[in-house]
Amino acid sequence: PGVAGDEEWIADRHWWAREKVSSFAAQPLVFRGETLGVLAIFDRGVLDGKDFDWLRVFANYSYQEMRADPLILGLAPHHKANVGLFATLPNGLSGSLIVHYVGESEALSLPIPAGSVPIRAEAYTQVDARVAYRFSLFGVDSEIAVSATNLFNDAHQEIVGGDTVNRRVIGWLRIHF
């Protein structure tokens, strides 16, 4: 089953014919009942389930409110969100791109002899990426990959008083046996 090209929803029938489009698939991006956009694919061949197995998309959002002593449980940000793409191509290439957002933590005043010191972790956005290639090495499934965490080096603290997170790039060769 394909698309004839004369459907009402096709905005530019000349483009459709010139590009010899014969099939179309779309996935609406819906949040709380509102369509934010549409991820669409046009193809000159007939699309089937295998054409969609190579790409995965996700999005998450959470809100949390702590109702306990922050000195016991620590300070947690109210807002956290992430969105990502994962692609696995038939030629062995794969990759991912993930964006994380963490809102600022609430301020906490620590009592010291001279008064109090307010502390909090600032909001940050972190981008992580990975590229890999799967191949056969002497008949054994293998993979070579590179990943970068905090790609744009947005130096930040994940938790109040914690270590600063900087960019990290890792490469590896994995042999499955």
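Only this structure's heavy atoms are used, side chains among them; waters, hydrogens and symmetry mates stay out.
- V127 and L85 fall into different hydrophobic clusters, where Ile, Leu, Val, Met, Phe, Trp and Tyr residues are linked whenever their side-chain heavy atoms come under 4.5 Å apart, directly or through other members.
- In this structure, T125 contributes its side chain and Y101 its backbone to no donor-acceptor pair below 3.5 Å.
- Aromatic ring orientation, W9 versus F24: tilted (interplanar angle from 30° to 60°).
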Can you list the steps and then say if I144 with F135 is a side chain to side chain contact (heavy atoms under 4.5 Å, CB included)? CA-CA 8 Å; I144 188 166; F135 59 96; 4.0 Å; yes

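- Shown here for D128 and T149, the closest heavy-atom pair between the two residues is OD1-CA, 3.4 Å.
- The side-chain heavy atoms of H79 and Y63, taken from C-beta on, include a pair separated by under 4.5 Å.
- Transitive grouping of hydrophobic side chains (ILVMFWY, heavy atoms separated by less than 4.5 Å) brings L55 and L89 into a common cluster.
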Start with the C-alpha gap between N150 and H156, add the side-chain angles, then the distance that decides, and say whether side chain to side chain contact (heavy atoms under 4.5 Å, CB included) holds. CA-CA 10 Å; N150 198 9; H156 60 271; 3.8 Å; yes

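- Put simply, CD1 on I98 and CG on L151 are 12.0 Å apart, with the number rounded to the nearest 0.5 Å.
- Side-chain contact between V3 and I10: present, with at least one pair of heavy atoms (C-beta onward) separated by less than 4.5 Å.
- Under a hydrophobic-cluster definition in which Ile, Leu, Val, Met, Phe, Trp and Tyr are linked whenever side-chain heavy atoms come within less than 4.5 Å, directly or via other members, L173 and Y133 are assigned to the same cluster.
- By the rule that hydrophobic residues join a cluster once side-chain heavy atoms approach within less than 4.5 Å of another member, L137 and L93 end up as members of one cluster.
- The two atoms that bring R13 and D6 nearest to each other are NH2-O, 3.4 Å, heavy atoms only.
- Atom-to-atom distance recorded for H176:NE2 and S142:OG is 7.0 Å, nearest 0.5 angstrom.
- Side-chain contact check for S96 versus R56: every heavy-atom pair is 4.5 Å or farther apart.
- Of all the heavy atoms in A132 and R130, the pair that sits closest is CB-NH1, 3.6 Å.
- When hydrophobic clusters are built by joining Ile, Leu, Val, Met, Phe, Trp and Tyr residues whose side-chain heavy atoms come closer than 4.5 Å, directly or via intermediates, L97 is grouped together with V83.
- Atom CH2 of W54 is separated from atom CG of N91 by 11.5 Å, given to the nearest 0.5 angstrom.
- Annotation: ring pair (Phe, Tyr, Trp, His ring centres under 6.0 Å) contacts of H100 (sequence neighbours excluded): none.
- With sequence neighbours left out, R44 forms a salt bridge (charged side-chain N to carboxylate O under 4.0 Å, His left out) with E19.
- With rounding to the nearest 0.5 Å, the separation of CZ in F58 from CZ in F86 is 4.5 Å.
- Of all heavy-atom pairs spanning Y61 and A81, the tightest one is CD1-CB, 4.0 Å.
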